[in-house]
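Everything below concerns the one structure shown next.
Numbers restart at 1 for each chain; the letters A, B, ... are given by sequence-line order, proteins then strands.
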There are 2 protein chains.
Amino acid sequence: MSDVRWLTETEQQTWRAYMTANVEFSAYIDRQMRRDSGMPMAYYEILVRLSEADGRRLRMSELAEASLSSRSRLSHAVSALEKNGWVVRRPADGDRRGWVCELTDEGFTALAAAAPGHVTAVREKLFDVLTPEQLDALRDIGRAISAGLRQECEEARAEDVCDEEPC
Amino acid sequence: MSDVRWLTETEQQTWRAYMTANVEFSAYIDRQMRRDSGMPMAYYEILVRLSEADGRRLRMSELAEASLSSRSRLSHAVSALEKNGWVVRRPADGDRRGWVCELTDEGFTALAAAAPGHVTAVREKLFDVLTPEQLDALRDIGRAISAGLRQECEEARAEDVCDEEPC
DNA sequence: AGCTGGTGGTTGAACTCTCAATCTAGGTGG
DNA sequence: CCACCTAGATTGAGAGTTCAACCACCAGCT
């Protein structure tokens with residue numbers, strides 16, 4: 001309990017600055033997307049990942065990982081996108097459990113319509129307010145944070161040996 | 001349309017690194033909070049702001065700004081927190097439109113119980129994976145991004161003069 | 001073939017968030 | 001004092017997310 005390494009004053013400032021920027025920035029970006037294109041950022045992200053994939057199609061599990069969403073979330077999201085006619089689900093060949101999600105032409109059109117406003121917002125609110133040095137730093141920082149989070153999974157995997165509790 | 005300043009390859013890398021880290025990190029933090037303390041980060045944030053305020057109480061509008069949520073969101077959130085007995089709403093004196101939200105002892109206890117796990121997660125996944133230089137940079141970056149977003153409001157305010165369209 | 005554990009994916013319910021509408025009260029000009 | 005506009009806050013509906021089952025299928029073992 002008392003062995004918690006609480007944050008120093010300086011650390012608190014850093015933490016609040018980072019966290020506030022995250023919240024405000026992502027709220028801004030998401031808001032812009034909803035207002036101008038009628039979809040949340042998570043859906044845009046899905047369309048982008050699909051558009052970049054070979055044949056504009058991906059296995060659901062791959063799409064989930066690429067678009068940073070849980071499988072459950074993706075499943076719901078794809079159902080919604082399918083209603084819009086922006087994607088279609090096809091059975092995956094080779095594995096009868098699996099499904100492939102494919103971007104339709106309508107979906108691509110919707111994506112193309114949404115992209116300019118989105119990129120403009122990102123440029124104005126991110127690239128235009130930071131120096132080149134800060135942008136370089138931000139890239140490395142982002143990578144370090146992501147790497148630190150992924151390590152979580154590896155640890156969990158290592159614990160599968162599970163010598164402490166009966167599995 | 002074609003005058004969009006699209007992102008260069010390098011910029012795309014930076015943008016993806018930043019955005020991925022944001023999504024993954026905040027998902028991790030939120031998940032930790034929900035799992036270990038049964039509330040979303042947004043609620044924790046509200047409790048924290050209240051606990052830091054004079055008399056552990058704030059006007060709804062002030063609390064909304066402090067906790068980075070919209071008024072609507074705060075209203076719903078406070079209703080939920082009130083059901084838990086963690087906060088109470090009292091009429092604000094002096095302005096019969098307003099309400100003051102006050103942290104109860106139970107709320108403070110819940111906050112105190114949630115804090116260690118939260119701080120530990122933040123330290124492990126943020127402070128422990130970045131160098132001191134990166135943390136300094138991150139603080140400045142965060143401030144710059146927030147400042148850039150706030151500028152939005154000022155512009156909107158400046159346009160209130162409204163010489164282009166009839167208001 | 002029959003078991004068993006794990007993987008791919010979906011589902012429903014509960015919860016949270018957003019947006020637009022609404023309500024009440026304060027403030028200001030006639 | 002009344003009309004009107006603005007500010008503080010809430011509400012309800014609809015959309016999106018999470019979590020915990022759940023189903024179907026694959027793979028390895030007996």
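Nearer to the 5' terminus of DNA chain D, by closest-nucleotide assignment, is the contact made by A:A80 (compared with the other of B:R35 and A:A80). The residue among A:R34 and A:G98 whose nearest nucleotide of DNA chain C is located toward the 5' end is A:G98. When each of A:S79 and B:S70 is assigned the nucleotide of DNA chain C with its nearest heavy atom, A:S79 is the one assigned upstream, toward the 5' end.
Candidate nucleotides D:dG12, D:dT18, D:dC26 were compared by shortest atom distance to the side chain of A:D95, and D:dC26 ranks first. Here the nucleotide nearest the side chain of B:S72, chosen from C:dC19, D:dT18, C:dG9, is C:dC19. When distances run from any side-chain atom of A:W99 to the nucleotides D:dT18, D:dT11, C:dG9, the shortest one goes to C:dG9.
A straight line from CG of B:L74 to C1' of D:dT11 spans 14 Å, rounded to a whole angstrom. Rounded to whole angstrom, the span from the CE atom of A:M60 across to the P atom of D:dC23 amounts to 20 Å. If you measure from atom CG of B:D93 to atom C1' of C:dG26, you get 16 Å, rounded to the nearest angstrom. Note: CZ (B:R73) to P (C:dA20) measures 17 Å, nearest angstrom. Rounded to an integer number of Å, the gap from CG of A:L68 to C1' of D:dT17 is 15 Å. Protein atom CE of B:M33 is 16 Å distant from nucleotide atom P of D:dT18, rounded to whole Å. Distance NZ (B:K83) to C1' (D:dT10): 14 Å, rounded to an integer number of Å. Put simply, CZ on A:R31 is 16 Å from P on D:dG16, counting in whole angstrom units.
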Short N/O separations, protein against nucleotides 4-7 of chain D, under 3.5 angstrom:
unit_1: D:dA7; atom_1: N3; unit_2: B:R97; atom_2: NH1; d: 3.4

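Counting non-hydrogen atoms under 4.0 angstrom, B:S61 reaches the backbone sugars and phosphates but no base. Within 4.0 Å (heavy atoms only), B:R89 reaches sugar-phosphate atoms of the nucleic acid but no base atom.
Using a 4.5 Å heavy-atom cutoff, the side chains of B:I29 and A:M19 are not in contact. Looking at B:R96 and B:P91, their side chains never come closer than 4.5 Å, going by heavy atoms from C-beta outward.
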_Step-by-step side chain to side chain contact (heavy atoms under 4.5 Å, CB included) determination, B:V78 to B:W99_ = CA-CA 11 Å; B:V78 166; B:W99 292 85; over 6 Å; no
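Across all non-hydrogen atoms, the minimal contact from A:Y44 to A:A115 is OH-CA, 3.5 Å. The two residues B:S79 and B:R89 have their closest heavy-atom pair at OG-NH2, 2.8 Å. Across B:S69 and B:S67, no two heavy atoms sit closer than the pair OG-OG, 2.9 Å. Closest non-hydrogen pair, A:A144 versus B:V129, comes out as CB-O, 3.9 Å. Nearest heavy atom pair, residue A:Y18 against residue A:I145, reads OH-CD1, 3.7 Å. When all heavy atoms of A:L50 and A:E102 are compared, the closest pair comes out as CD1-C, 4.5 Å.
Within a heavy-atom distance below 4.0 Å of DNA chain D, the residues of residues 36-54 of chain A found are A:P40, A:A42, A:Y43.
Looking at A:H76, its side chain comes within 3.5 Å of the base of C:dG12 through a donor and an acceptor atom.
Side-chain polar atoms of A:T8 and A:T10 form no donor-acceptor pair below 3.5 angstrom.
Not one side-chain nitrogen or oxygen of A:R96 sits closer than 4.0 Å to the OP1 or OP2 atom of D:dA24.
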